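Below is one structure, written out as structure tokens, with a few remarks after it.
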Protein chains: 2
Amino acid sequence: MSAQVYLVDDDEAIRDALGWLLQSRGFACVPHASGEEFLAAWSPQLAGCLLLDIRMGGISGLQLFDRLLELGNALPVIFLTGHGDVPMAVSALKKGAFDFVEKPFNDKELLDRVQEALRIDAARRASAANSESLNSRLERLTVRERQIMELILAGKFNKVIADELQISMRTVEVHRAHLFEKMGVRTAVELSQLMTARR
Amino acid sequence: MSAQVYLVDDDEAIRDALGWLLQSRGFACVPHASGEEFLAAWSPQLAGCLLLDIRMGGISGLQLFDRLLELGNALPVIFLTGHGDVPMAVSALKKGAFDFVEKPFNDKELLDRVQEALRIDAARRASAANSESLNSRLERLTVRERQIMELILAGKFNKVIADELQISMRTVEVHRAHLFEKMGVRTAVELSQLMTARR
DNA sequence: CGATTAATTGTGGATATCCACAATCGCCCG
DNA sequence: CGGGCGATTGTGGATATCCACAATTAATCG
């Protein structure tokens with residue numbers, strides 16, 4: 001799934017004009033005529049950004065935005081509006097919208113914002129992919145291994161861990177080796193960095 | 001230096017009214033009649049938040065905001081304006097303003113925003129204090145100790161570190177013990193968490 | 001029931017770490 | 001010049017870790 005610029009606007013003239021502009025600059029554009037239509041096509045895997053008109057028939061851009069937030073949307077959203085007011089813009093940005101642009105807009109400026117949004121999204125996805133792979137590795141750990149990992153991350157010696165869990169040191173060593181293997185680390189320090197880095 | 005609500009507005013009536021409102025709700029308020037005046041009083045140590053009118057004689061609220069950004073201001077800024085437009089609000093928020101409120105405003109809403117801003121600032125300062133203390137500990141390390149710390153954080157054994165630095169293992173052990181002592185950690189895992197957590 | 005998986009434990013040896021006790025060398029400062 | 005500091009090294013012993021080889025028990029699953 002490569003990056004797309006999703007465009008939701010109920011005005012066909014705008015869809016055509018913006019679509020053309022984007023394509024001409026090398027951005028793949030996917031137009032939708034309504035919020036409902038986009039919502040039906042949406043999936044968490046979509047990559048790119050979303051250009052969203054606020055005033056539309058059917059559900060409004062703001063309503064669509066809220067719905068997408070609930071669904072866990074990660075696409076950066078650039079609002080387009082001819083009739084925005086300040087509270088609307090403030091609220092949208094504080095909820096996490098990427099930008100809020102008033103029509104008529106300057107082509108170059110919009111393209112810059114699109115490019116920046118695509119960059120952000122790519123970076124976010126790359127980092128999400130990392131933490132996905134981390135999570136999948138974590139899920140492969142058995143309960144006991146996770147439990148022992150916690151104690152290792154608390155800086156405890158195998159001996160102490162064995163005491164606390166009332167098991168032999170040898171068993172701790174085995175679990176430790178297994179979880180290092182599964183997590184793809186060679187030392188406790190690497191494990192700690194892996195776990196600490198992920199916020 | 002305890003938390004204050006700094007208020008910059010060239011309209012005395014507003015300063016009085018807002019000042020009274022804030023005081024009555026238990027917020028300590030420090031009014032200034034101009035951007036220049038606040039700038040002269042500003043220091044990086046100020047704690048609290050800043051209520052900033054946009055349209056003022058002398059330098060404008062937006063100019064003051066930009067200047068404060070250059071100076072490394074950490075105070076959350078809540079803009080107050082009677083004549084804001086959308087691009088202005090968008091730009092301010094994207095530069096990191098905490099909020100952007102149009103006059104006339106609802107008292108309770110403004111107070112909520114102030115409280116939230118104070119909370120954010122307190123949290124930010126607490127975390128900054130941590131990283132300050134971390135930095136001061138880091139500065140107490142000798143060059144050699146820092147160098148060895150890097151290698152420890154790379155997950156290398158004392159033996160390997162000794163080889164790479166062309167010194168004896170014993171020396172590495174000594175430095176290692178010293179830097180652990182100075183950094184206040186007992187194990188390499190704790191050190192790693194300390195260093196990794198601070199972005 | 002036979003296979004698989006997780007948890008558990010043991011032995012023993014090779015490596016590493018931790019640390020007290022001790023010492024040398026070079027540099028800068030009052 | 002004597003003292004302090006940082007870097008360096010050594011010895012030796014107590015602890016820990018790493019790991020190959022080996023095995024038992026309990027639970028789950030087709």
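So that the names make sense, note that chain A is the first sequence line, chain B the second, and so on, each numbered from 1. Bear in mind that the values here come from a model prediction, so they are computed numbers and not experimental data.
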Those residues that, when tested against A:E116, pass salt bridge (charged side-chain N to carboxylate O under 4.0 Å, His left out) (two or more places apart) | A:R119
Of A:R176, A:E173, A:R170, which is the lone residue that meets side chain to side chain donor-acceptor pair (under 3.5 Å) with A:N158?
-> A:R176
Interface residues of residues 134-166 of chain B with DNA chain C (non-hydrogen, below 4.0 angstrom) = B:F157, B:N158, B:K159
Using heavy atoms and a sub-4.0 Å distance, could you list which residues of residues 172-182 of chain A are near DNA chain C? By number, please.
-> A:V174, A:H175
Contacted region of DNA chain C by chain A, from 5' end to 3' end of the hits, cut-off under 4.0 Å to heavy atoms, spans C:dA6 to C:dT11
Using the test side chain to side chain contact (heavy atoms under 4.5 Å, CB included), find all partners of A:Q147 that sit at least two apart in sequence or belong to another chain.
-> A:R144, A:L165
Charged N to carboxylate O under 4.0 angstrom, A:D10 versus A:R15?
-> no
Is any side-chain nitrogen or oxygen of B:T171 closer than 4.0 Å to OP1 or OP2 of D:dT9?
-> yes
Decide, yes or no, whether a salt bridge links A:R113 with A:D99 under the criterion of side-chain N to carboxylate O below 4.0 Å.
-> yes
Only counting residues at least two apart or in another chain, list the ones meeting ring pair (Phe, Tyr, Trp, His ring centres under 6.0 Å) with B:F100.
-> B:F79
Do the charged groups of B:K103 and B:D9 touch, with an N to O distance under 4.0 Å?
-> yes
Salt bridge between A:K159 and A:D163, side-chain N to carboxylate O under 4.0 Å?
-> no
For B:M169 and for A:R170, locate the closest nucleotide of DNA chain D by heavy-atom distance; then report the residue assigned to the nucleotide nearer the 5' terminus.
-> B:M169
Is the closest basic N to carboxylate O distance between A:D121 and A:R125 below 4.0 Å?
-> yes
Does a side-chain N-to-carboxylate-O contact under 4.0 Å join B:E145 and B:R140?
-> no
